[in-house]
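One structure is given here, and the rest of the page talks about it.
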Amino acid sequence: MPELPLTFTDYREMKGKIHQQILKEIDLETLNKLQENVARTRVSDAIRELLHRDRTPLALAERDRMVNEIVDELFGLGPIEPLLADHAVSDILVNGPDKIYVERKGMLEKTNLFFNDSQHLMRIIDRIVSRVGRRVDESSPMVDARLADGSRVNAIIPPLALDGPSVSIRRFGGHKISVQGYIDGGTLTKPMIDLLEACVKGKLNVMVSGGTGAGKTTLLNILSSFIPDSERIITIEDAAELKLKQHHVVRLETRPPNIEGKGGVRQRQLVINALRMRPDRIIVGEVRGEEAIDMLQAMNTGHEGSLTTIHANTPRDALTRLETMIAMAELNLPDKAVRSQIASAINLIVQVSRMPDGARKVTNICEISGMEGNVITTQDLFVFERQGYDDKNKVKGVFKPLGIRPKFTEKLESHGIKFDPDMFFKEPATRGGR
């Protein structure tokens with residue numbers, strides 16, 4: 001009579017038993033001196049021998065799965081290790097031991113992976129943070145870290161996380177999107193990317209705006225690829241995510257305070273220091289606080305062609321958020337002076353959004369055209385107009401040029417950028433100033 005397949009509980013208990021047995025039979029200290037691929041192979045062989053010796057009632061597929069899971073437990077990040085090898089996964093979200101979600105192509109989905117219990121999850125969290133010299137415990141229940149591939153990790157544990165430890169991993173360094181891939185994927189059109197390339201090469205100051213997971217950093221990486229290799233670039237980030245192709249790049253990263261609350265280095269300090277490093281371009285990964293005023297002053301005092309991102313849902317929201325951030329610097333500047341500073345510093349806002357079907361779209365390319373009274377005026381150059389859904393429930397729409405000749409055309413021409421705006425703006429449109 002054939003054996004019945006193992007239940008979920010039986011499999012979990014059996015894996016735990018084999019895991020404990022293999023720990024008793026192998027010398028981890030000796031294995032740690034070997035290259036990881038050699039150590040993994042030796043442990044895999046040892047586990048298979050143990051399963052054979054104990055006549056463990058497992059099908060071949062279950063046996064392979066158990067071997068891989070135990071090896072990942074010993075050398076990697078346990079159940080989530082296979083997710084880190086999947087380039088289609090952009091986020092890994094662990095909401096406790098048995099609730100592991102991933103984002104693929106902009107859509108969240110629950111996996112069938114699990115940790116044994118909260119203690120198991122805590123061991124993996126400790127492994128992550130200890131590799132970067134950090135710790136997490138009741139006295140310091142929140143931590144940010146970075147994996148070897150550049151992925152950003154945030155962990156929060158009880159007593160702050162009421163339902164058990166929680167981990168969020170934002171993947172970086174996986175599948176790289178090319179300019180052509182961006183066009184083919186429907187994020188924007190060839191005329192739009194040609195316009196953005198001209199703006200970057202022509203040293204306009206560009207701000208990418210978008211919500212969480214909208215693709216701001218991906219777009220910033222693409223825009224940065226248009227910077228000439230002859231220029232000196234300083235990047236400033238909270239967590240190093242940018243992948244610049246140029247040779248002359250200095251990468252700066254903030255540092256959180258230690259357990260005593262000392263030793264932290266904020267973005268504002270790095271922006272101020274970057275100005276002393278003779279940059280041709282300054283790229284701020286995401287402006288989110290008081291460093292906004294220093295960034296704007298840099299843009300207004302000879303550091304043209306700077307790039308940054310901001311968390312906002314519309315170009316107008318982005319301008320409002322910038323005002324709020326400048327207020328955080330407590331300089332007590334009049335509103336009109338702040339807005340004038342913004343209007344003279346930022347040339348272009350590129351709004352990127354995540355659609356309900358998970359697709360990313362550049363929904364606005366918006367020029368900052370100046371001031372009218374006490375108001376910053378803008379004009380949309382391109383917009384994405386949604387037109388419902390197709391038969392596969394995918395968002396339909398068109399990228400529409402609005403027939404406006406941008407004011408920055410003369411500046412581009414002064415930098416020797418060949419640019420014919422009449423190619424892109426053929427339809428009449430009203431001015432977008434508000």
Are L242 and V249 packed together at the side-chain level, in the sense that at least one heavy-atom pair is separated by less than 4.5 angstrom? no
Point-to-point distance, once rounded to the nearest 0.5 Å, from OG of S344 to CZ of R339: 14.0 Å
Compare every heavy atom of G211 with every heavy atom of H311, then report the nearest pair and how far apart it is. CE1-C, 3.8 Å
Determine, for E103 against R354, whether the closest basic-nitrogen to carboxylate-oxygen distance falls under 4.0 angstrom. yes
Considering all heavy atoms, the nearest L220-G285 contact: CD2-O, 4.0 Å
What I want to find out is whether R48 reaches D64 closely enough, with some N-O distance under 4.0 Å, to be called a salt bridge. yes
Please determine if K190 and D194 form a salt bridge, counting it only when a charged side-chain N lies under 4.0 Å from a carboxylate O. yes
In a table with atom names and distances, give each donor-acceptor pair under 3.5 Å that connects a side chain of residues 157-166 to protein atoms at least two apart or in another chain.
| residue | atom | partner | partner atom | Å |
| --- | --- | --- | --- | --- |
| S166 | OG | V94 | O | 3.2 |

Just by distance, do the side chain of E323 and the backbone of D335 share a donor-acceptor pair under 3.5 Å? no
What are the two closest non-hydrogen atoms of Q351 and T314, and how far apart are they? OE1-C, 3.1 Å
Counting heavy atoms not belonging to K411, are there more than 12 under 6.0 Å from its NZ? yes
More than 12 heavy atoms of other groups within 6.0 Å of M277 CE: yes
Do M295 and Q267 come close enough that some side-chain heavy atom pair is under 4.5 Å? no
Qualifying residue, where the test is side-chain contact (heavy atoms from CB on, under 4.5 Å) with P191 and the options are L188, L195, I193, T189: T189
Inter-residue atom distance I326.CD1 - E290.CD, 0.5 Å rounding: 12.0 Å
Indicate yes or no for a side-chain donor-acceptor contact from D294 to the backbone of I272 under 3.5 Å, with no hydrogens or angles considered. no
Closer than 3.5 angstrom, by distance alone: can the side chain of T111 be matched with the main-chain N or O of I100 as a donor-acceptor pair? yes
Spell out, as yes or no, whether a donor-acceptor pair under 3.5 Å connects the side chain of D390 to the backbone of K394. yes
Which residues share a side-chain contact (heavy atoms from CB on, under 4.5 Å) with E69, sequence neighbours left out: Y11, K15, R65
Is E138 atom CD crowded by more than 12 heavy atoms from other residues, nucleotides or ligands, each under 6.0 Å away? no
From CA spacing to verdict: side chain to side chain contact (heavy atoms under 4.5 Å, CB included), T218, T187: CA-CA 11 Å; T218 301; T187 301; over 6 Å; no
If the threshold is 4.0 Å, N to carboxylate O, is there a salt bridge linking E241 and R170? no
Treating T308 as the side-chain partner and V284 as the backbone partner, does any N or O pair qualify as donor plus acceptor under 3.5 Å? yes
Which of V136, D137, V143 passes side-chain contact (heavy atoms from CB on, under 4.5 Å) with S140? Answer is D137
Of R146, R288, R255, R268, the residue whose pairing with D238 passes salt bridge (charged side-chain N to carboxylate O under 4.0 Å, His left out): R288
Please step through side chain to side chain contact (heavy atoms under 4.5 Å, CB included) for the pair V153 and V129, ending with a clear verdict. CA-CA 9 Å; V153 182; V129 301; over 6 Å; no
Side-chain (E231) to main-chain (P228) donor-acceptor, under 3.5 angstrom: no
When you measure from the side chain of R127 to the backbone N and O of G76, does any donor-acceptor pair fall under 3.5 Å? yes
How about E109: does its CD atom have over 12 heavy atoms from other parts shown lying under 6.0 Å from it? yes
Does any part of the side chain of F384, heavy atoms only, come nearer than 4.5 Å to the side chain of M192, both counted from C-beta? no
Main-chain N/O of I227 paired to Q246 side chain as donor or acceptor, under 3.5 Å: yes
Residue set satisfying salt bridge (charged side-chain N to carboxylate O under 4.0 Å, His left out) with D86, at least two apart, ordered chain then number -> R104
Within-4.5 Å side-chain heavy-atom neighbours: L83 and I169: no
S306 OG to I236 CD1 distance, which is reported to the nearest 0.5 Å: 9.0 Å
Output for pair (I233 CD1, T235 OG1), nearest 0.5 Å, gives 8.5 Å
Heavy atoms, side chains only, cut-off 4.5 Å: are V271 and L252 in contact? no
Side chains of M207 and V350: closer than 4.5 Å at any heavy-atom pair? no
I need the minimum non-hydrogen distance between M325 and A292, along with the two atoms involved. CB-CB, 3.8 Å
Could you go step by step and tell me if M371 and I376 meet the side chain to side chain contact (heavy atoms under 4.5 Å, CB included) rule? CA-CA 5 Å; M371 293 278 293; I376 300 173; 3.7 Å; yes
Hey, are the side chains of F226 and L307 touching, using non-hydrogen atoms and a 4.5 Å cut-off? no
Please indicate whether K110 has more than 12 foreign heavy atoms, meaning atoms of other residues, nucleotides or ligands, lying under 6.0 Å from its NZ. yes
Do the ring planes of F115 and H120 sit parallel (below 30°), tilted (30 to 60°) or perpendicular (above 60°)? perpendicular
Where R171 and D91 come nearest, the two heavy atoms and their spacing: CG-N, 4.3 Å
Donor-acceptor pair, S44 side chain versus R40 backbone, under 3.5 Å? yes
Rounding to 0.5 Å, atoms CD1 (I47) and CG (L74) come to a distance of 6.5 Å
Find the distance between CG (L348) and OG1 (T378) and round it off to the nearest 0.5 Å. 11.0 Å
For A345 and N205, the nearest pair of non-hydrogen atoms, with its separation, is O-ND2, 2.8 Å
Could you walk me through whether V265 and T254 pass the side chain to side chain contact (heavy atoms under 4.5 Å, CB included) test, one step at a time? CA-CA 5 Å; V265 179; T254 61; 5.5 Å; no
Could you check whether any side-chain heavy atom of R123 comes within less than 4.5 Å of a side-chain heavy atom of D126, counting everything from C-beta outward? no
Quick check against the 3.5 Å criterion: does E49 have a side-chain atom that pairs as donor or acceptor with the backbone of D45? no
